[in-house]
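Small disclaimer: the values here were computed from a predicted structure and weren't measured. Letters A, B, ... are given to chains in the order of the sequence lines, protein chains preceding strands, and every chain is numbered from 1.
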Number of protein chains: 2
Amino acid sequence: MDTAERLIRSTQELLWERGYVGTSPKAIQQHAKAGQGSMYHHFTGKPDLALAAIKRNGEELRAEAETALSRPGTAVEKISAYLHREREILRGCRIGGLAQDADVLASDELRAPVTETLDWLRRRLTAVLAEGVARGEFTADFDPAATAATIAAVVQGGYVLARAARSEEPFTQAVEGAEKLLLSKQL
Amino acid sequence: MDTAERLIRSTQELLWERGYVGTSPKAIQQHAKAGQGSMYHHFTGKPDLALAAIKRNGEELRAEAETALSRPGTAVEKISAYLHREREILRGCRIGGLAQDADVLASDELRAPVTETLDWLRRRLTAVLAEGVARGEFTADFDPAATAATIAAVVQGGYVLARAARSEEPFTQAVEGAEKLLLSKQL
DNA sequence: GTCTATAATTAGATAGAC
DNA sequence: GTCTATCTAATTATAGAC
């Protein structure tokens, strides 16, 4: 693995763990075993490197969500697969956590991949649920867009509750509660 | 308002806006219009002052949630009142945001009020829903604890999605989706 | 209680040698 | 491409005068 790649992956880890404000160039260099001159040769500075890392984290999130959502079966089965997919719960969401970071929100460039990734997720969940409606899997009053937002929020909020409690239990409970509510809309 | 009080309130604002890592003593002093000597006279340092501010933010969150949850009516009416209570959505949750802050999570002292506040919230929501079950307001398979975790997570996650999108819409959708799902469990 | 001076450490980067 | 030296500003305090 070359130096630029090691720098990006180290930054992905550190952004996930400590956010943008809490991640220093020095910490990145040490984690990547790269010198200062090396980092500034490959990237113009911290924001440039962070942008590459955030984009990469977004791509990885999409790929993992897509794996669950594209499995065969009913809409509820796909959503359940997404809700129960393997996660490092106590690390939180590699993208959602950055939505809490003031410096990321303040920068149009850094915020863009965060916005786009979470927008994509809601759209993808909406599509899965809308397809379920088209196939007659749900009761008549079912609202795909609102339910998709609820699913995405339960996962993001589950991470928040779990990290605060230092326990996976609140995440698990929140997800199971959502799943049970969803099941009761299924015909 | 005396100096110590101004320092605490300023820290509350800044922690809410920028988190612990992103809030410097200097920024606090300027916001509070207090000198450096003044701050270090009243508090031993940044962690001490932050602890006072986090505790205060927790108390305020409880008071506001309690106002909605103690209104008269059915369990669903109370939960709806909580979900739709007035919020500064784009600022996020004054407590939940800190669950994403590495320095807060790493400190037992600073993490404690965050943990306790969100635990209290889940317990309080569980109690409201369990009372509804006792009154026969819900279908037989209804799970108060899981649903309470779901409600709390939807709110926390709604904040995350809204901040990422710079729009209140994802929060509103997530909350309305949750409300509709809950209503379908009501007898 | 508040103010100013001082200071050790880190953040974030530039310059130029190799 | 990588390394070391250098630099300015910010962070997080402490000390002592008023």
Side-chain angles (χ1 to χ4, degrees), chain A residues 1-56 97-98 100-111, chain B residues 1-56 97-98 100-111:
Chain A
M1 194 167 36
D2 67 11
T3 305
E5 181 65 20
R6 284 205 318 281
L7 284 164
I8 291 177
R9 294 200 190 178
S10 292
T11 306
Q12 284 183 264
E13 297 284 329
L14 291 168
L15 287 181
W16 191 349
E17 217 82 47
R18 308 195 36 87
Y20 181 83
V21 178
T23 299
S24 68
K26 190 178 178 185
I28 294 170
Q29 291 150 25
Q30 288 173 343
H31 192 282
K33 295 182 202 303
Q36 211 158 37
S38 208
M39 178 186 135
Y40 285 102
H41 171 74
H42 292 286
F43 300 93
T44 65
K46 176 177 163 178
D48 186 36
L49 176 49
L51 180 59
I54 295 173
K55 282 181 179 168
R56 191 75 75 81
L98 296 171
Q100 188 52 39
D101 193 301
D103 284 10
V104 170
L105 290 186
S107 156
D108 287 341
E109 282 224 294
L110 295 179
R111 184 169 29 79
Chain B
M1 193 166 37
D2 67 10
T3 305
E5 180 65 19
R6 283 204 321 280
L7 283 163
I8 291 177
R9 295 199 190 179
S10 292
T11 307
Q12 284 183 265
E13 297 283 329
L14 290 168
L15 286 181
W16 192 349
E17 217 81 47
R18 305 196 38 86
Y20 181 83
V21 177
T23 298
S24 69
K26 191 178 178 184
I28 294 170
Q29 291 151 25
Q30 288 172 343
H31 191 281
K33 295 182 203 301
Q36 211 158 37
S38 207
M39 177 185 136
Y40 285 101
H41 171 76
H42 292 287
F43 299 92
T44 65
K46 176 177 163 177
D48 186 36
L49 177 49
L51 180 60
I54 294 173
K55 282 182 178 167
R56 191 75 74 81
L98 296 171
Q100 187 52 39
D101 193 300
D103 285 11
V104 170
L105 290 187
S107 157
D108 287 342
E109 282 224 293
L110 295 179
R111 185 169 28 81

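- In this entry the distance linking CG of L7(B) with C1' of dG1(C) reads 12 Å, nearest Å.
- Looking only at distances, no side-chain donor or acceptor of T11(A) sits under 3.5 Å from a matching main-chain atom of L49(A).
- The nearest whole Å value for the distance from the CD atom in E5(B) to the C1' atom in dG1(C) is 17 Å.
- Panel note: side chain S38(B), backbone A34(B); no donor-acceptor pair is recorded below 3.5 Å.
- In this structure, K46(B) is not positioned above the aromatic face of Y40(B) in the sense of NZ or CZ being under 6.0 Å from the six-membered ring centre and within 45° of the axis.
- Of the possible polar contacts, none joining the D101(B) side chain to the G19(B) backbone as a donor-acceptor pair under 3.5 Å is found.
- Residue H42(A) places at least one side-chain N or O under 4.0 Å from the OP1 or OP2 atom of dT2(D).
- We find that CG of D103(B) is positioned 13 Å from C1' of dT11(D), with the value rounded to whole Å.
- Residue pairs meeting the side-chain hydrogen bond (donor to acceptor under 3.5 Å, both in side chains) criterion with at least one member in residues 1-10 of chain B, sequence neighbours excluded, are E5(B)-R9(B), E5(B)-R56(B), S10(B)-H31(B).
- Across the protein-nucleic acid pair, R6(B) atom CZ and dG1(C) atom C1' stand 12 Å apart, rounded to whole Å.
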For a quick check, with a 4.0 angstrom heavy-atom cut-off, what is the B/S/- contact string for nucleotides 4-17 of chain C, read 5' to 3'?
BB-----SSBB---
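- When atom types are taken as modelled, the side chain of D103(B) and the backbone of V21(B) share no donor-acceptor pair closer than 3.5 angstrom.
- For T3(A), a side-chain nitrogen or oxygen approaches OP1 or OP2 of dT2(D) to under 4.0 Å.
- Q29(A) places its CD atom 18 Å from the P atom of dG1(D), with the value rounded to the nearest Å.
- The separation between D48(B) atom CG and dT12(D) atom P is 15 Å, rounded to whole Å.
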